[in-house]
Amino acid sequence: MKTTLAIFRLIVMRAIASIYIEGITSNIELKTTKKEFRGHITLVLFPLVKIIKKPLKQIGKEIGEYVKKHLIIVHSFHLLNGFLNFECSEEYYFKLLKKISKEILFLKSSEEDSLMIEYSSPNTNKPLHLGHIRNHLLGNSISEIFKAFGHNVIKIQIINDRGIHICKSMLAWKKFSSGETPEITFKGDHLIGKYYVAFEKAYKKEVEDLCAKGYEKELAEKQAPIMQEVRKLLLLWEKRNVKTWYHWRNMNSWAYEGIEQTYCSLGIYFDDTQYESKTYLLGKSIIEDGLKKGVFYKKEDGSVWVDFTNVGLDEKLLLRSDGTSVYITQDLGTAVERFELYSIKSLIYIVGEEQEYHFKVLFLILKYMRYAWADRLFHLSYGLVQLLSGKMKSREGIIIDADNLIDEMHKLAQFLTYQKENTLGIGALKYFLLKIDTKKRILYHTKSSIDFNGNTGPYIQYTNARISSLYRKAFTKMYWRNSMIRYYRYSIIGRYEKYLLKYMEQYTEALLLAKKCLIPSIIANYAYNLSKTFNDFYQNVCIINIKNKYDFVFRLFLSKKCGNCLKKTMNLLGIEMPEYV
RNA sequence: GGUCGCGUAGCUUAGUUGGAUAGAGCAUUUGACUUCUAAUCAGAAGGGUGCUGGUUCGACUCCAGCCGUGAUCACCA
């Protein structure tokens, strides 16, 4: 079924061909009429004046008349400031409502390609914070958007469970904890985070002491006893020392449990999980392959590099002189492995903007290596979440902790309502993070809490609860029966109903744009504007407290579909919509 | 210094193939709950889009140059 815009495009093309010249396609600018003007579809006439070379008013009148004559859904047209606005008939709106409920809200799932989306890379040495939440929500939402179009999406996370930072909290726990283990009141990830901070504190003190003894800062940082000790621990780990691994596994299990709980309260899950401890050695064979192909080169000390100076980038190290791998080595290996193991067509990485350069280089290397899928790799980069004081610093404990924030939102929501479920608090938090354009950074003001009024998640949730309430009440009305739905076409449609229908019609467009640009905020804004349009209608038009049964049925049916639409869009953001508020 | 983002009312922001009077929310202010959930609605006040040029019938949007701001350019991850 064609969209209204497509139908108009066709008829306008015919009009121009029949009245003026044939073959005009690119200068036909059609759009949905803005709310402040009368009409449903608008044709912008300026681009046509140039080609047709006749007065604007004449063109408008002639095209308008042709369209009105040949398109039955057009009721009238009028010309304003070079814009030709078409108004549609009542019959059209009845059909539109039917089309929305049967087609538009159910996207045709013609897309079947599989794709993988990587998001959330938690470290097992600290709890999650607000920055992670942004990552989770973006990843989850992008996944849901692709699913809505019928794609098979594999959500994957890779856990950073090894390395010097993990050893730091392990060592600090050994030294300072006297055997403390996670209790019900103190989550495992928080416990580990506490010792990570303790390590950094102790380390800082040692460095200061050494500096006081006359050491240069750089030397002091290397010589600090605790740092030397943690290096030894890392070596032990790499040699798979039994005791170290036992300790490592044990502490990681605390972290997993804690992180899992946070995921759960956010409604985040994954189809698959990778562990860096298992993938960190991948990629070395690719380096050899690249050397053979002459894409990489070896320096005298044995280190391997790739030279991108000819494309405006730098030289990049791929393998250390001692033969050990770096970050990008494993990423090369992981990417190749993913395309080998899963039958995916493309891969999207949801990672902060600070790694843009990394991914640029990564993708370029894979392209030079002639992997067929190299041009179907995407990095969705997003702006950092910052505090007024600057970046969050895990090692100093200056973070907005995810669990605390979720808890705070819950309390705030409970203060305002009496709901036990945390749908409103979580909804407010999720919407707060998702409504902002992906590439913009978010400044989090610790003093002002996240809003529940205006352009917020709860506003939209509230709108839906109102709609649910209408529907519940409708059944208590004497004359309401489900079979009455067919009467809706005898209603008289007012301007509020038309606004609503017009906006609902744009559902597919909003989703397509969000998918194309990988920007969930487009969906968030759509949901908000739809809510606003509905509330406008709700406050100005009686829906069920009316005598006319035709209007009653039409307005109720319209409200219901609007609720469906709201639910669908908000679910794409991972936000639940309660029936009661 | 090079590269890549961002800069729209006091604050948070929308404006995605260039198109009508730059659209919202918060805060400020006036009004609306014996009527379908007032976390709502109606209204007022508050921007001319960082600056300067250019292209165009038309620029927040494109181009150039500045200014401010952030990220990045490790044998760290």
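Since the model is a prediction, treat every value here as computed from it, not as a measurement. These values consider heavy atoms only, across backbone and side chains, with no hydrogens, waters or symmetry-generated copies. Every chain is numbered from 1 and lettered A, B, ... according to where its sequence line falls, protein lines coming before strand lines.
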request  = Give a yes/no on whether any side-chain N or O of K34(A) is located under 4.0 angstrom from OP1 or OP2 of rA20(B).
outcome  = yes
ask   = Taking only side-chain nitrogens and oxygens of R395(A), does any of them come within less than 4.0 Å of OP1 or OP2 of rA77(B)?
value = no
Tabulate protein N/O versus nucleotide N/O from nucleotides 9-13 of chain B, keeping only pairs under 3.5 Å, one per line.
none

message = For a 4.5 angstrom cut-off between non-hydrogen side-chain atoms, does T456(A) reach I450(A)?
response = no
message = Going by centres under 5.5 angstrom and planes under 30 degrees, do the aromatic ring of F37(A) and the base ring of rA20(B) stack?
response = yes
query = Between rU49(B) and rG31(B), how far is it from one P atom to the other, in whole Å?
reply = 35 Å
inquiry  = Using atom C1' in both nucleotides, what's the gap between rA24(B) and rC62(B) to the nearest angstrom?
reply    = 26 Å
Separation between the P atoms of rC11(B) and rG50(B), rounded to whole Å = 13 Å
query = Expressed as a whole number of Å, how far does the P atom of rC60(B) sit from that of rU8(B)?
reply = 15 Å
ask   = How would you label the contact of K439(A) with the nucleic acid (heavy atoms, under 4.0 Å): base, sugar-phosphate, or nothing?
value = sugar-phosphate
query = Does the side chain of H78(A) reach to within under 4.5 Å of the side chain of E87(A), using non-hydrogen atoms?
reply = yes
message = Output the pairing pattern of RNA chain B as a dot-bracket string, 5' first, Watson-Crick or G-U wobble with both distances under 3.5 Å, | for cross-strand pairs, [ ] for crossing pairs.
response = (((((((..((((.....[...)))).(((((.......))))).....(((((..]....))))))))))))....
ask   = Using the P atom in both, what is the distance from rU21(B) to rU37(B), to the nearest Å?
value = 40 Å
Nearest heavy atoms of L79(A) and K57(A), plus distance in Å = CD2-CA, 3.7 Å
request  = For N85(A), report the nucleic acid contact type (base, sugar-phosphate, nothing); a contact means any heavy atom under 4.0 Å.
outcome  = base
ask   = Should Y526(A) and E509(A) count as side-chain neighbours, where that means a heavy-atom distance under 4.5 Å?
value = no
request  = Would you classify E579(A) as touching base, sugar-phosphate or nothing, given that sugar-phosphate means primed atoms plus P, OP1 and OP2, and contacts are heavy atoms under 4.0 Å?
outcome  = base
ask   = Ignoring hydrogens and angles, are the base of rA14(B) and the side chain of S521(A) linked by a donor-acceptor pair under 3.5 Å?
value = no
ask   = Between F432(A), Y431(A), F534(A), Y528(A), which is the residue that forms a ring-ring contact (aromatic ring centres under 6.0 Å, His included) with Y459(A)?
value = Y528(A)
task = Using a strict cut-off of less than 4.0 Å between a Lys/Arg side-chain nitrogen and an Asp/Glu carboxylate oxygen, indicate whether R555(A) and E497(A) qualify as a salt bridge.
result = yes
task = Assign Y580(A) to base, sugar-phosphate, or nothing according to its heavy-atom contacts below 4.0 angstrom with the strands shown.
result = base
